[in-house]
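This is a predicted model, so every value here is computed, not measured. Chain letters run A, B, ... following the sequence lines, proteins first, then strands; residues in each count from 1.
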Amino acid sequence: MSVRVRFAPSPTGYLHIGSARTALFNWLYARNTGGKFLLRIEDTDLQRSTEASTRSIIEGLEWLGLNYDEEIVFQSDNADKHRSAAARLVEEGCAYRDFTPKEERSDATVKQGIVDRARAAGAEGVNHRANPYRELSKAESDARASAGEPFAIRLKVPEEGQTFFADVVYGEQSRAYAEIEDLVLLRSDGHPLYNLAVVIDDIDMGVTDVIRGQDHLTNTHKQILIYEALGVTPPRFAHLPLILAPNKGKLSKRRHGEVVSLTTYRDRGFVAAAFRNFLALLGWSPEEAEKEIMTLDEMVESFSLEGIHRSNAVFNFNEADPRHWTDDKALWMNAEYIRTMPLEELTPLVKEELRSEKLWREEYEDWERNWFERAVDLIRQRFFTLKDFSAQGRAYFSDDFDFEPAAVKKNLLKEPRLKELLPQLADRLEMVEPWNAETSEQALRAFSDEAGVKAGLLINASRTMLTGQAVGPSMFEVFDIMGRDRSAQRLRSGVPWHEQIENVSERK
RNA sequence: GGGGAUGUAGGCUAACAGGAUAAGCCGCUUGAGUUUCAAUCAAGAGAAUGCGAGUUCGAGUCUCGUCAUCCCUGCCA
């Protein structure tokens with residue numbers, strides 16, 4: 001039987017990285033086995049599901065390059081199937097109508113309420129089969145139902161026995177029936193509940209392997225019970241270790257916000273391939289564990305459920321620190337991709353970035369194409385995200401760039417003579433022919449000798465004059481790429497001194 | 001409270017069926033660089049494998065206990 005897996009997010013917010021990783025693993029498994037990767041939107045929670053979040057989920061998958069097969073399934077479209085399945089289970093005596101009036105709960109306190117009730121129940125040892133309607137005769141149940149009395153449908157969990165399944169990742173799992181409540185299948189308003197809906201849809205979609213977060217590990221027993229009641233053989237299950245926040249707590253949209261949203265990584269300059277590569281290594285490692293940077297093909301090729309391990313992973317981030325706003329290794333991997341990926345794959349991404357910052361010029365794809373590629377190749381060496389091309393890299397693409405105050409102070413203002421020396425250097429450079437890294441270096445060094453200053457002084461000053469920064473590529477490479485005229489012009493501009501004066505006068 | 005799962009350096013992961021100084025990557029420290037750098041190169045620190053027992057010639061690996069963390073325990077998904 002060929003493999004069919006599905007990714008089944010609920011559209012109650014953006015796609016967070018844990019879900020993204022689940023999607024990735026499902027996709028990798030499908031591609032590795034030549035199976036199908038299906039997408040199902042679990043929108044049965046009408047209160048919280050939104051169309052916007054469905055769109056953002058699809059967008060996220062697209063960005064990661066996880067294309068799905070067949071049509072998207074919307075779980076809410078299957079509500080009738082769920083209801084009839086529940087009705088059938090009642091008919092067959094595997095489920096029963098519960099006429100207990102519905103308990104209203106405010107969403108804010110549910111979690112605590114559940115724990116409290118569970119604790120109280122646990123203390124006195126509760127019997128899950130004590131529901132007064134469990135053994136109601138079929139005739140009476142039917143009569144009350146047709147009289148219009150509202151009811152929920154609960155699964156009639158057998159008194160004795162245990163569920164069993166062999167999880168591909170976590171091994172053999174079993175649980176005594178006595179520990180499982182008669183779970184609600186259908187709400188009194190007719191809405192199907194999660195466990196029922198998942199099972200029916202997975203059967204309906206022909207899902208062979210359920211790959212999902214470990215938070216569902218214990219739910220699986222309930223679902224096994226539903227499969228058994230339905231008389232259907234359950235699929236294989238493979239549960240994934242969780243991705244935790246730095247404090248080892250659960251990663252949550254509410255508490256951690258944007259850093260856990262997949263689209264944040266797209267918007268903040270991550271290369272999709274890099275982030276995907278990083279995500280793949282969270283909870284999984286290939287047989288050749290030392291090989292961490294992998295192409296998509298290599299990843300598909302080496303992916304296996306056996307390589308997934310069992311302990312939860314911590315995803316580090318610190319939004320207060322601009323250099324470590326997200327996981328260090330993710331950032332490093334992005335930088336690694338930026339500086340080593342084929343230039344022809346990088347330039348379209350840089351183009352997009354420059355365009356969004358209004359720095360893109362059509363010439364870069366025309367007669368300046370060669371220059372553009374050389375510039376990108378030069379500056380990418382020390383960039384971490386695509387955003388850097390428009391931030392630190394701005395001076396390469398526009399004459400309108402800012403000077404970093406610390407760089408101005410350190411490399412320019414500290415030596416008063418520079419104000420005169422730099423225009424002289426510009427004169428000198430203008431005479432250089434031909435213009436390249438070597439010739440500009442010779443000219444600068446000759447000039448520094450004559451002027452009686454260290455070459456380094458002029459090198460650092462030039463870097464700041466030309467790029468506004470204290471750091472960057474080798475200065476002579478920068479001269480080369482900037483061109484003779486533009487270099488000379490910027491050396492003469494005196495802008496940092498003017499700005500200094502402006503700043504002083506503004507303060508008065 | 002009950003049930004389940006997991007513990008290898010600050011983080012992500014290795015170590016085939018128990019076998020030698022516990023390996024790699026990120027991060028960190030130091031040095032080299034054009035008196036730049038978050039690039040690059042070189043060197044280095046950091047783990048008695050949560051803790052305690054047991055089995056064994058030998059335990060990260062097997063057994064038991066213990067602690068910690070996470071998950072589930074809803075007419076949410």
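Nucleotide B:C64 has B:G52 as its partner under the Watson-Crick or G-U criteria, with both atom distances under 3.5 Å. The pairing partner recorded for B:C28 is B:G44, the criterion being a Watson-Crick or G-U wobble arrangement whose two distances lie under 3.5 angstrom. Here B:C57 sits opposite B:G19 as a Watson-Crick or G-U wobble pair (both hydrogen-bonding atom distances under 3.5 Å). Pairing for B:G1 goes to B:U73, judged as Watson-Crick or G-U wobble with the two contacts each under 3.5 Å. Summarising the base pairing, B:A38 is matched to no nucleotide, lacking a Watson-Crick or G-U wobble pair whose two defining distances lie under 3.5 Å.
Comparing B:C70, B:A14, B:G27 by their nearest atom to the side chain of A:His324 picks out B:G27. Each of B:A38, B:A39, B:G24 was ranked by its minimum atom distance to the side chain of A:Phe384; first place goes to B:A38. Of the candidates B:C12, B:C75, B:C72, the closest approach to any side-chain atom of A:Val184 belongs to B:C75. The listed nucleotides are B:A5, B:C72, B:A38; the one nearest the side chain of A:Thr218 is B:C72. Side chain of A:Ser311, nearest nucleotide from B:G24, B:C70, B:U6: B:U6. Side chain of A:Lys102, nearest nucleotide from B:C75, B:G27, B:G11: B:C75. With B:U36, B:U13, B:A5 as the candidates, the nucleotide lying closest to the side chain of A:Gln214 is B:A5. Each of B:A77, B:G27, B:U35 was ranked by its minimum atom distance to the side chain of A:Arg48; first place goes to B:A77. Considering only the side chain of A:Asp327, B:G11 comes nearest among B:A77, B:G11, B:A39. Closest contact between the side chain of A:Lys250 and the listed nucleotides B:C71, B:A5, B:G2 involves B:C71.
In this structure, A:Phe278 and A:Glu290 both approach RNA chain B, and ranking their closest nucleotides by distance from the 5' end singles out A:Phe278. Annotation: of the two residues near RNA chain B, A:Glu287 and A:Ala455, the 5′-most nearest-nucleotide partner is A:Glu287.
Residues A:Asn78 and A:Ile200 have side chains not in contact (no heavy-atom distance under 4.5 Å, counting atoms from C-beta outward).
Here A:Tyr133 and A:Tyr96 keep their ring centres 6.0 angstrom or further from each other. Outside the 6.0 Å centre-distance limit, the rings of A:Tyr396 and A:Phe389 are not counted as a close aromatic pair.
Base orientation at B:A48 is syn, since its O4'-C1' glycosidic dihedral falls within 90° of 0.
Taking atom P in both B:U61 and B:G50, one finds a spacing of 8 Å when rounded to whole Å. Comparing the P positions of B:A53 and B:G58 gives an interatomic distance of 15 Å, to the nearest angstrom. With both ends at atom C1', the span from B:C57 to B:C16 equals 22 Å, rounded to whole Å. To the nearest whole angstrom, the two C1' atoms, one in B:U30 and one in B:G46, are 15 Å apart. One C1' atom belongs to B:G44, the other to B:C70, and the distance between them is 35 Å to the nearest Å. With both ends at atom C1', the span from B:U56 to B:C62 equals 10 Å, rounded to whole Å. B:C25 and B:C67 are spaced 31 Å apart, taking the C1' atom of each and rounding to whole Å. Look at the C1' atom in both B:C28 and B:G4: the space between them is 37 Å, to the nearest Å.
Distances shorter than 4.0 Å separate some side-chain N or O of A:Arg187 from OP1 or OP2 on B:C76. Considering only side-chain N and O atoms, A:His309 lies nowhere under 4.0 angstrom from the phosphate OP1 or OP2 of B:U6. A:His216 has no side-chain polar atom (N or O) that falls below the 4.0 Å cut-off from OP1 or OP2 of B:C71.
With A:Asp182 as the fixed residue, the side-chain hydrogen bond (donor to acceptor under 3.5 Å, both in side chains) test singles out one of A:Arg154, A:Arg134, A:Lys156: A:Arg134.
Counting only N and O atoms by type, the side chains of A:Arg175 and A:Thr220 include no donor and acceptor under 3.5 Å apart. Counting only N and O atoms by type, the side chains of A:Tyr337 and A:Asn277 include a donor and acceptor under 3.5 Å apart. With hydrogens and angles left out, the side-chain atoms of A:Asp43 and A:Gln75 include no donor and acceptor closer than 3.5 Å.
Counting any heavy atom pair closer than 4.0 Å across all strands shown, A:Glu415 reaches no nucleic acid atom. Within the nucleic acid shown, A:Arg380 has no heavy atom closer than 4.0 Å to any nucleic acid atom. Backbone-only contact: A:Gln173 has heavy atoms under 4.0 Å from sugar-phosphate atoms and none from a base. A:Arg463 comes within contact range of at least one nucleobase, with a heavy-atom separation under 4.0 Å. Residue A:Ser188 is in base contact, counting any heavy-atom pair closer than 4.0 Å across all strands shown. Across all strands shown, A:Leu281 has heavy atoms under 4.0 Å from sugar-phosphate atoms exclusively, and none from any base. Residue-level contact check: A:Ser49 touches neither bases nor backbone, having no heavy atom under 4.0 Å from any strand. Counting non-hydrogen atoms under 4.0 angstrom, A:Lys248 reaches the backbone sugars and phosphates but no base. Looking at heavy-atom distances under 4.0 Å, A:Gly283 makes contact with sugar-phosphate atoms alone, never a base. Residue A:Glu181 is classed as a sugar-phosphate contact, given heavy-atom separations below 4.0 Å to backbone atoms only. Residue A:Lys414 is out of contact with every strand shown, counting any heavy-atom pair closer than 4.0 Å. Residue contacts for A:Tyr170: at a heavy-atom cut-off of 4.0 Å it reaches the sugar-phosphate backbone alone, with no base atom in range. Across all strands, A:Asp215 comes closer than 4.0 Å only to sugar-phosphate atoms, never to a base (heavy-atom distances). If you check every strand for non-hydrogen atoms under 4.0 Å, A:His239 touches nothing.
Computed from coordinates, the A:Arg339 CZ to B:A38 P distance equals 13 Å when rounded to whole Å. Here the C1' atom of nucleotide B:G11 and the CD atom of A:Glu292 are 12 Å apart, to the nearest Å. With rounding to whole Å, A:Ile17 atom CD1 is found 12 Å from B:C12 atom P. When the P atom of B:A14 is taken as reference, atom CZ of A:Arg310 falls 11 Å away, rounded to whole Å. What separates CD1 of A:Ile243 from C1' of B:C71 is a distance of 15 Å, to the nearest Å. If you measure from atom OH of A:Tyr337 to atom P of B:A39, you get 19 Å, rounded to the nearest angstrom. Between A:Leu217 atom CG and B:C72 atom P there is a gap of 11 Å when expressed in whole angstrom units. Look at OH on A:Tyr194: it is 10 Å from P on B:U73, rounded to the nearest Å.
Under a cutoff of 6.0 Å and an axis angle of 45°, A:Arg268 and A:Phe270 do not form a cation-pi pair.
Ring-plane geometry between A:Phe151 and A:Phe99 is classed as perpendicular, the angle between the planes exceeding 60 degrees on a 0 to 90 degree scale with a lower cut at 30.
For A:Asn219 and B:A77, a side-chain-to-base donor-acceptor distance below 3.5 Å is present, hydrogens and geometry of angles not being considered.
At most 12 heavy atoms of other shown residues, nucleotides or ligands fall within 6.0 angstrom of atom CD in A:Glu160.
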